Engineer: 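Here you go, one structure.
Given the structure is predicted, the values throughout are model-derived calculations rather than measurements. Here, residue 1 is the first one in the sequence, and each next residue gets the next number. Side chains are part of it too, since the values below use all heavy atoms of this structure and drop only hydrogens, waters and symmetry mates.
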Amino acid sequence: MTKKLRRLTALALALAMALSMLTACGSTENDADVMEEEEDMTEVTDEETVTEAWLAAWGTSMQTVWSSDTIPSEATSGETVTIRQQIRPSVSGEELRFTLSNQYGSSDLVIDSMEIAMLLDPSSYEIDTDTSVTITYEGSTTITIPAGETIVTDSVEFSYSALDDIAVSMEISQMPSTITLHRASRCTNWIIAGSHVSDNDWSEASTYAMWYFLAVMDVMADPDCSAIVCLGDSLTDGASITENSFTRYTDTLMELMQADDDLSSYSIINMGVGGTPFLGTYDNSTGLGRVTRDIVNISGVKYCIVLMGVNDIGGATTDISADIIAGYESLVEQCHEAGIQVIGCTITPFNGNSYYSDLHEEIRLAVNEYIMSDDSAFDGYVDLASAVASEDDSSKMDSQYVSTWNDYLHFNATGYGLLGSTIYDYLKDFLS
């Protein structure tokens with residue numbers, strides 16, 4: 001069914017429902033009965049009017065530890081430690097709550113104390129101690145999260161502006177042997193022995209560039225506000241960028257949205273996981289396997305942007321274009337059932353990388369042709385492949401966008417910035 005036919009079908013159903021409602025309202029009831037029912041409906045509507053709702057303002061996809069991950073020795077010492085992690089919410093807020101995850105933990109996570117405060121500088125652990133606020137769970141300052149579980153904290157008043165840097169500090173007395181984390185924060189976080197939630201005495205701290213246990217931050221917002229989840233792999237996760245540069249494509253998109261009065265109420269949630277495919281069961285982190293947790297269950301989500309499939313293509317030994325397309329259609333179906341519209345992004349070129357072969361290029365072109373076709377399940381698309389391609393060779397990205405690794409797969413800051421601005425230009429029309 002084409003996009004045009006799907007829209008016409010939806011319109012016909014809506015008209016049929018409207019006509020049936022009109023027929024029912026005009027059947028055998030007298031005016032007094034109608035007025036009484038209208039008053040009753042008004043009372044229900046007034047009672048159920050929603051003035052605020054939770055909206056995800058920041059989030060990341062949780063993962064399990066890989067054998068190649070470098071975990072600070074403090075985290076495995078068995079002693080009490082404090083971690084201080086920075087986040088940069090995409091929209092402003094005054095009341096917030098956190099989703100904390102021990103999804104992959106083999107034992108309980110025990111947080112003796114948790115506070116948030118304004119971070120003075122992304123490259124430093126120092127906080128504005130006057131802004132510190134305590135986070136609780138079910139009224140308690142001690143937060144215990146059983147192995148395999150995720151909890152949502154109590155809400156707390158904390159006023160901040162969009163793109164402010166917030167420090168989240170946790171004193172942990174019991175660290176699971178398997179840490180639930182996001183392994184590529186692209187920003188500096190800190191860990192230190194002892195209890196240091198409220199102070200700046202962190203000169204002995206070690207640094208790491210991951211997020212531990214911290215999954216989502218929600219804010220209370222106008223119910224008309226919406227979250228846009230960006231699902232992807234390392235190209236969404238910002239592989240190759242400089243730490244604390246905030247130059248993932250989603251960072252650029254956040255900045256452009258916040259500078260646009262018409263779009264500043266939309267939050268941007270980065271759910272990229274580097275090194276993962278769209279299909280399969282790889283490490284519980286495949287794109288299709290994360291739909292429920294990382295898209296559907298996100299507070300206030302109404303839109304999803306998908307840039308994923310290059311890792312599937314890079315490892316393919318046969319034509320898997322039909323498999324990727326079927327996966328896309330499954331993702332879109334699940335999102336549509338939850339009232340979420342999905343925007344597909346064409347897979348960017350990678351000639352010059354070890355992923356490249358004639359077969360892999362054929363798959364990429366077939367998948368991109370589907371994404372941009374009238375028969376695509378997506379509600380819209382952004383042609384990122386054309387935006388970054390070399391004028392001389394569309395199978396290769398323009399050299400000005402190639403990562404510092406010179407791998408012709410990932411982007412540098414300029415390239416990621418172009419992805420973000422291209423998506424922003426599309427959203428200006430799509431969301432209007």
Side-chain angles (χ1 to χ4, degrees), residues 184 186 230-242 245 247-250 252-253 270 272-280 282 285-288 305-328 343-373 376 378 381-426:
R186 315 295 177 195
C230 299
L231 185 78
D233 45 41
S234 57
L235 301 183
T236 299
D237 209 16
S240 91
I241 68 170
T242 302
S245 66
T247 51
R248 301 173 301 175
Y249 94 69
T250 52
T252 298
L253 182 57
N270 187 312
V273 177
T276 56
F278 178 63
L279 304 173
Y282 181 79
S285 294
T286 64
L288 195 55
I305 296 170
V306 179
L307 173 57
M308 209 164 189
V310 70
N311 289 325
D312 303 81
I313 296 173
T317 57
T318 59
D319 184 355
I320 62 168
S321 57
D323 297 324
I324 295 174
I325 290 168
Y328 286 159
I343 299 164
C345 295
T346 54
I347 298 173
T348 52
F350 49 83
N351 190 353
N353 185 269
S354 60
Y355 273 4
Y356 186 81
S357 70
D358 290 342
L359 170 63
H360 294 169
E361 180 66 1
E362 290 172 6
I363 299 171
R364 185 182 75 89
L365 293 177
V367 171
N368 286 352
E369 182 179 356
Y370 167 80
I371 291 171
M372 296 186 289
S373 72
S376 166
F378 290 112
Y381 72 87
V382 184
D383 188 8
L384 295 180
S386 295
V388 302
S390 167
E391 292 183 2
D392 299 326
D393 184 354
S394 61
S395 71
K396 177 180 287 190
M397 74 170 70
D398 192 296
S399 59
Q400 66 179 310
Y401 306 130
V402 179
S403 73
T404 55
W405 303 336
N406 201 38
D407 64 354
Y408 278 86
L409 174 65
H410 300 95
F411 299 94
N412 57 22
T414 302
Y416 284 123
L418 178 60
L419 299 188
S421 62
T422 302
I423 293 172
Y424 165 73
D425 288 339
Y426 175 82

Engineer: Show your reasoning for whether side-chain contact (heavy atoms from CB on, under 4.5 Å) applies to Y416 and L235.
Structural biologist: CA-CA 8 Å; Y416 284 123; L235 301 183; 4.3 Å; yes
Engineer: Looking only at atom types and distance, does a side-chain atom of D237 sit under 3.5 Å from a main-chain N or O of A239, one as donor and one as acceptor?
Structural biologist: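 Checking the backbone N and O of A239 against the side chain of D237, no donor-acceptor pair under 3.5 Å is found.
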Engineer: Take I241 and H410 through the test side-chain contact (heavy atoms from CB on, under 4.5 Å) and record every step on the way to the result.
Structural biologist: CA-CA 9 Å; I241 68 170; H410 300 95; over 6 Å; no
Engineer: Compare every heavy atom of V388 with every heavy atom of P349, then report the nearest pair and how far apart it is.
Structural biologist: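 Nearest pair, atom of P349 first, then V388: CD-CG2, 3.8 Å.
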Engineer: Is D233 reaching over with its side chain to a backbone N or O of G274, donor-acceptor style, under 3.5 angstrom?
Structural biologist: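 Pair absent, no side-chain N/O of D233 close to backbone of G274.
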Engineer: What are the two closest non-hydrogen atoms of C345 and I371, and how far apart are they?
Structural biologist: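 Nearest pair, atom of C345 first, then I371: O-CD1, 3.5 Å.
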Engineer: Please tell me whether S395 and N351 have a donor and an acceptor in their side chains that are separated by less than 3.5 angstrom.
Structural biologist: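 The answer is yes; a qualifying pair exists.
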Engineer: Test side-chain hydrogen bond (donor to acceptor under 3.5 Å, both in side chains) on Y355 and N311; report intermediate values, then the result.
Structural biologist: CA-CA 8 Å; Y355 273 4; N311 289 325; 2.8 Å; yes
Engineer: Taking all atoms of both residues into account, what is the closest heavy-atom pair of I347 and A385, and its distance?
Structural biologist: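 Nearest pair, atom of I347 first, then A385: O-CB, 3.5 Å.
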Engineer: Ignoring hydrogens, what is the shortest heavy-atom contact between S240 and F411? Give both atom names and the distance.
Structural biologist: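 So the minimum-distance heavy-atom pair works out to OG-O, 2.7 Å.
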Engineer: Got a second to check how far I363's CD1 is from I313's CD1, nearest 0.5 Å?
Structural biologist: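 That separation rounds to 6.0 Å.
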Engineer: Test: salt bridge (Lys or Arg N to Asp or Glu O under 4.0 Å). Region: residues 353-373. Which pairs qualify, not counting sequence neighbours?
Structural biologist: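 Qualifying pairs: E361-R364.
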Engineer: Answer yes or no: is there a donor N or O on one side and an acceptor on the other, between the side chain of S321 and the main chain of V367, under 3.5 Å?
Structural biologist: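 No, because the side chain of S321 does not come within donor-acceptor range (under 3.5 Å) of the backbone of V367.
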Engineer: Would you sort out whether M397 and Y408 count as a side-chain contact (heavy atoms from CB on, under 4.5 Å), showing the intermediate values?
Structural biologist: CA-CA 7 Å; M397 74 170 70; Y408 278 86; 3.9 Å; yes
Engineer: Distance from L359 atom CG to I320 atom CD1, nearest 0.5 Å?
Structural biologist: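 Going from the CG atom of L359 to the CD1 atom of I320 covers 8.5 Å.
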Engineer: Could you tell me which non-hydrogen atom of Q400 sits nearest to which non-hydrogen atom of T414, and how far apart they are?
Structural biologist: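 Shortest heavy-atom contact: O-CB, 4.3 Å.
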Engineer: Under the 3.5 angstrom rule, does the side chain of N353 hit a backbone N or O of D407 as a donor-acceptor pair?
Structural biologist: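 Answer holds: yes.
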Engineer: Let's go through T242 and T247 carefully: what are the C-alpha distance in whole Å and the side-chain angles of both, what is the deciding distance for side-chain contact (heavy atoms from CB on, under 4.5 Å) to 0.1 Å, and is it a yes or a no?
Structural biologist: CA-CA 8 Å; T242 302; T247 51; over 6 Å; no
Engineer: For the CG atom of L307 and the CG atom of L384, what is their distance to the nearest 0.5 Å?
Structural biologist: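 The CG atom of L384 is 6.0 Å from CG of L307, to the nearest 0.5 Å.
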Engineer: Using modelled atom types only, decide if a donor and an acceptor are shared between the side chain of N270 and the backbone of T236 within a distance under 3.5 Å.
Structural biologist: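 Checked: pair present.
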Engineer: Could you tell me the separation between the OG1 atom of T317 and the NE2 atom of H360, rounded to the nearest 0.5 Å?
Structural biologist: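 It is 7.5 Å, given to the nearest 0.5 Å.
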Engineer: What orientation do Y370 and Y328 show, parallel under 30°, tilted 30 to 60°, or perpendicular over 60°?
Structural biologist: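 Rings of Y370 and Y328: parallel, under 30°.
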Engineer: Please check this pair: side chain of N368 against backbone of T346, looking for a donor-acceptor N/O pair closer than 3.5 Å.
Structural biologist: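 No; judged by distance alone, with no hydrogens or angles, the pair does not exist.
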Engineer: For residues L279 and G327, report the shortest heavy-atom separation together with the two atoms involved.
Structural biologist: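 In terms of heavy atoms, the two residues are closest at CD2-CA, 4.0 Å.
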